[in-house]
J.: 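Got a structure for you, questions after.
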Amino acid sequence: RAKQEGRNSFRLYSTRLDVREHRWLAMETALRDSIDSGEGLGLHYQPLVERDSGRLYSMEALARWHHPEFGQVSPADFIPLAERSGLILPLSRYLMHRVAAQLRTWLDAGLTPVPVAVNLSAQQFWQQDLIEQIRALYDDYRLPAGLISFELTESMLLDKQQQAVQVLQELRQLGCRVAMDDFGTGYSSLSYLHQLPITTLKIDKSFIQQLGENQGSNTILAAITGMAQGLKLTVVAEGVERQDQLITLRQYHVNLIQGYLTGRPMPAEHVARQYLMNDNGRPEEGKRERKE
Ligand code: C2E
Ligand code: MG
Ligand code: MG
Ligand code: MG
């Protein structure tokens, strides 16, 4: 009897696995179609503002995918799916072109865009012709140097720090700023950070969300920001949702704020309307400054 139950529950489990596997395969096919057609794929832009003035400093481009069958799929799901299924390179290439085209559209409209940061995935970072692609992107869309910047994570560089330094130097020579994303969640090797020619450190939102809840996270924040200051890195606090977190962050060396408090990820049209200056030096309509 036990044996039989075991077999049944095995069958149930196996069926569930099949269902999940089937869903992944269907999603992979759907994602491939969306990359080919561009349908349902796009970007939201989230403001990074200066901590003290609230002024817009830059934006982060965040991938968005909506599919008729699967609905709105989180990039936390479809980026790993793309990485597993060989779709990450075509997807990334498509998204980078969308960012460049958006910047060109803003420039042509007489707006003054701020730099837009693109998240690089590991496979993309380690492509032989990454620098060539980026150079071509700047040329094709006639973008001023530095308008596209990049974010990467520590795990991408594991065991390959020497080669990474090379790629990072080439990015810097193109005039691009480079941020270490989600800092504090991975290996967080403080000892090699100073060897990497990056410009910016983005402190992961898990630290910001624990602020005030335990003394430990405050201590870690003090250590990370102190070190970043010594290394002359621009420091971003990610995931700032509440005013009290912003106030606490005034005690530390933090330059920029990114979070729902100061601006959610939003479609390009909203960014232009709310934030970008026109030729007259005004945001398209009204307020560029953040309201307190
Ligand atoms: P990330 O690069 O660390 O991006 C920040 C994430 O935090 C975004 O999630 C953003 O919507 C979210 N966020 C911003 N402010 C707040 C806040 O105040 N509270 C909370 N709880 N969350 C906040 P999103 O858009 O879901 O993206 C998730 C991750 O997917 C990104 O993390 C990034 O690793 C990856 N990703 C997104 N777009 C791309 C892309 O175009 N290419 C690659 N390779 N990865 C991407
Ligand atoms: Mg990022
Ligand atoms: Mg992050
Ligand atoms: Mg992340």
Side-chain angles (χ1 to χ4, degrees), residues 31 34-35 38 40-49 51 58-66 71-102 115-127 130 133-134 137 148-156 177-186 188 198-211 224 234-246 248-249 254 256-268 270-271 290:
L31 184 60
S34 290
I35 295 167
L41 263 183
L43 291 154
H44 276 185
Y45 296 84
Q46 185 175 29
L48 279 72
V49 306
R51 182 192 62 185
S58 62
M59 296 183 271
E60 180 174 3
L62 294 161
R64 295 291 178 261
W65 182 39
H66 184 273
Q72 194 71 32
V73 185
S74 164
D77 292 326
F78 73 79
I79 295 288
L81 171 66
E83 281 169 338
R84 281 202 303 274
S85 54
L87 293 172
I88 191 66
L89 293 182
L91 173 62
S92 303
R93 210 170 302 128
Y94 173 79
L95 292 172
M96 284 219 297
H97 275 271
R98 285 285 294 260
V99 168
Q102 185 60 63
V116 173
V118 168
N119 289 284
L120 290 176
S121 76
Q123 287 178 58
Q124 201 183 3
F125 182 79
W126 292 112
Q127 278 178 104
L130 174 71
Q133 279 182 40
I134 293 168
L137 204 63
I148 299 178
S149 66
F150 297 94
E151 296 188 2
L152 42 125
T153 56
E154 297 165 277
S155 58
M156 296 167 38
R177 295 177 63 83
V178 181
M180 186 64 79
D181 204 356
D182 302 343
F183 190 77
T185 56
S188 304
I198 57 172
T199 58
T200 308
L201 200 61
K202 301 187 73 175
I203 299 172
D204 190 69
K205 52 177 170 280
S206 58
F207 289 103
I208 310 307
Q209 277 149 15
Q210 286 165 35
L211 269 185
I224 293 176
T234 301
V235 178
V236 183
E238 292 192 288
V240 178
E241 296 178 350
R242 300 190 314 267
Q243 191 69 28
D244 64 279
Q245 293 168 332
L246 179 61
T248 305
L249 287 168
V254 169
L256 303 174
I257 304 292
Q258 177 180 7
Y260 296 163
L261 178 70
T262 49
R264 288 187 173 257
M266 60 185 100
H270 293 215
V271 173
R290 177 169 50 84

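Values below: all heavy atoms of this structure, side chains included; hydrogens, waters and symmetry mates excluded. As the structure lists them, so they are numbered: ligands from 1, and atoms in each ligand from 1.
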J.: In this structure, does ligand 1 have an atom that sits under 4.0 Å from one of the heavy atoms of Glu60?
T.: yes

J.: Are Val118 and Ile148 close enough that some pair of their side-chain heavy atoms sits under 4.5 Å apart?
T.: yes

J.: Quick check: does any side chain N or O of Trp65 sit under 3.5 Å from a backbone N or O of Ile79, one acting as donor and the other as acceptor?
T.: no

J.: Strictly distance-based, threshold 3.5 Å: is any side-chain N or O of Thr153 a donor or acceptor partner for the main-chain N or O of Asp181?
T.: no

J.: Against heavy atoms of Asp181, which atoms of ligand 1 measure under 4.0 Å?
T.: 1 (P), 2 (O), 3 (O)

J.: Does an N or O anywhere in Asp182 fall below 3.5 Å from an N or O of ligand 1?
T.: yes

J.: In Glu238, which N, O or S atom comes closest to the Mg ion (ligand 3)?
T.: OE2

J.: Only one of Val254, Leu256, Thr262 passes side-chain contact (heavy atoms from CB on, under 4.5 Å) with Arg51; say which it is.
T.: Val254

J.: Determine whether the side chain, the backbone, both or neither of Leu43 has a heavy atom under 4.0 Å from any heavy atom of ligand 1.
T.: neither

J.: Thr199 versus Thr234: any side-chain heavy-atom pair under 4.5 Å?
T.: no

J.: Which pair of heavy atoms, one from Tyr45 and one from Ala61, lies closest together, and at what distance?
T.: CE2-CB, 4.1 Å

J.: Would you mind listing which atoms of ligand 1 come within a distance below 4.0 Å of any non-hydrogen atom of Pro265?
T.: 11 (O)

J.: Distance check, rounded to the nearest 0.5 Å: Gln133 atom CD versus His97 atom NE2?
T.: 7.5 Å

J.: Closer than 4.0 angstrom: is that true for some heavy atom of Gln209 and an atom of ligand 1?
T.: yes

J.: Evaluating non-hydrogen atoms only, which member of Ile79, Asp77, Thr153 is closest to atom 40 (C) of ligand 1?
T.: Ile79

J.: With a 3.5 Å distance limit and no angle check, can you tell me whether Arg98 reaches the backbone of Leu41 through a side-chain donor-acceptor pair?
T.: yes

J.: Quick one: closest heavy-atom pair of Glu83 and Ser121, and the distance?
T.: OE2-CB, 3.2 Å

J.: As an exercise, identify every atom of ligand 1 less than 4.0 angstrom from a heavy atom of Val240.
T.: 18 (O)

J.: State if Gln124 counts as touching ligand 1 under the rule of any non-hydrogen atom under 4.0 Å.
T.: no

J.: Examine Asp181 and say whether one of its N/O/S atoms is closer to the Mg ion (ligand 3) than 2.8 Å.
T.: yes

J.: Return yes when at least one N/O/S atom of Asp204 is nearer than 2.8 Å to the Mg ion (ligand 3), and no when none is.
T.: no

J.: Tell me, please, which residues at least two apart from Glu151 pass salt bridge (Lys or Arg N to Asp or Glu O under 4.0 Å).
T.: Lys202

J.: Tell me which N, O or S atom of Asp182 sits nearest to the Mg ion (ligand 3).
T.: OD1

J.: With only distance considered, is Ile88 within less than 3.5 Å of ligand 1 through an N or O on each side?
T.: no

J.: Backbone, side chain, both or neither: what part of Leu95 comes under 4.0 angstrom of ligand 1, heavy atoms only?
T.: side chain

J.: Report the name of the N/O/S atom of Glu151 located nearest to the Mg ion (ligand 2).
T.: OE1

J.: Look up atom CZ in Arg264 and atom CD in Gln46, then write down how far apart they are to the nearest 0.5 Å.
T.: 9.0 Å

J.: Quick one: which of Lys205, Glu238, Arg98 has a heavy atom closest to atom 6 (C) of ligand 1?
T.: Lys205

J.: Report the atom name of the nearest N/O/S atom of Glu60 relative to the Mg ion (ligand 2).
T.: OE2

J.: Gln46 heavy atoms, cut-off 4.0 Å: which ligand 1 atoms fall inside?
T.: 14 (C), 15 (N)

J.: Look only at the side chain of Gln127 and the backbone of Gln124, and say whether a donor-acceptor pair between them is shorter than 3.5 Å.
T.: yes

J.: Closer than 4.0 Å to some heavy atom of Ser121 - which atoms of ligand 1 meet that?
T.: 44 (N)

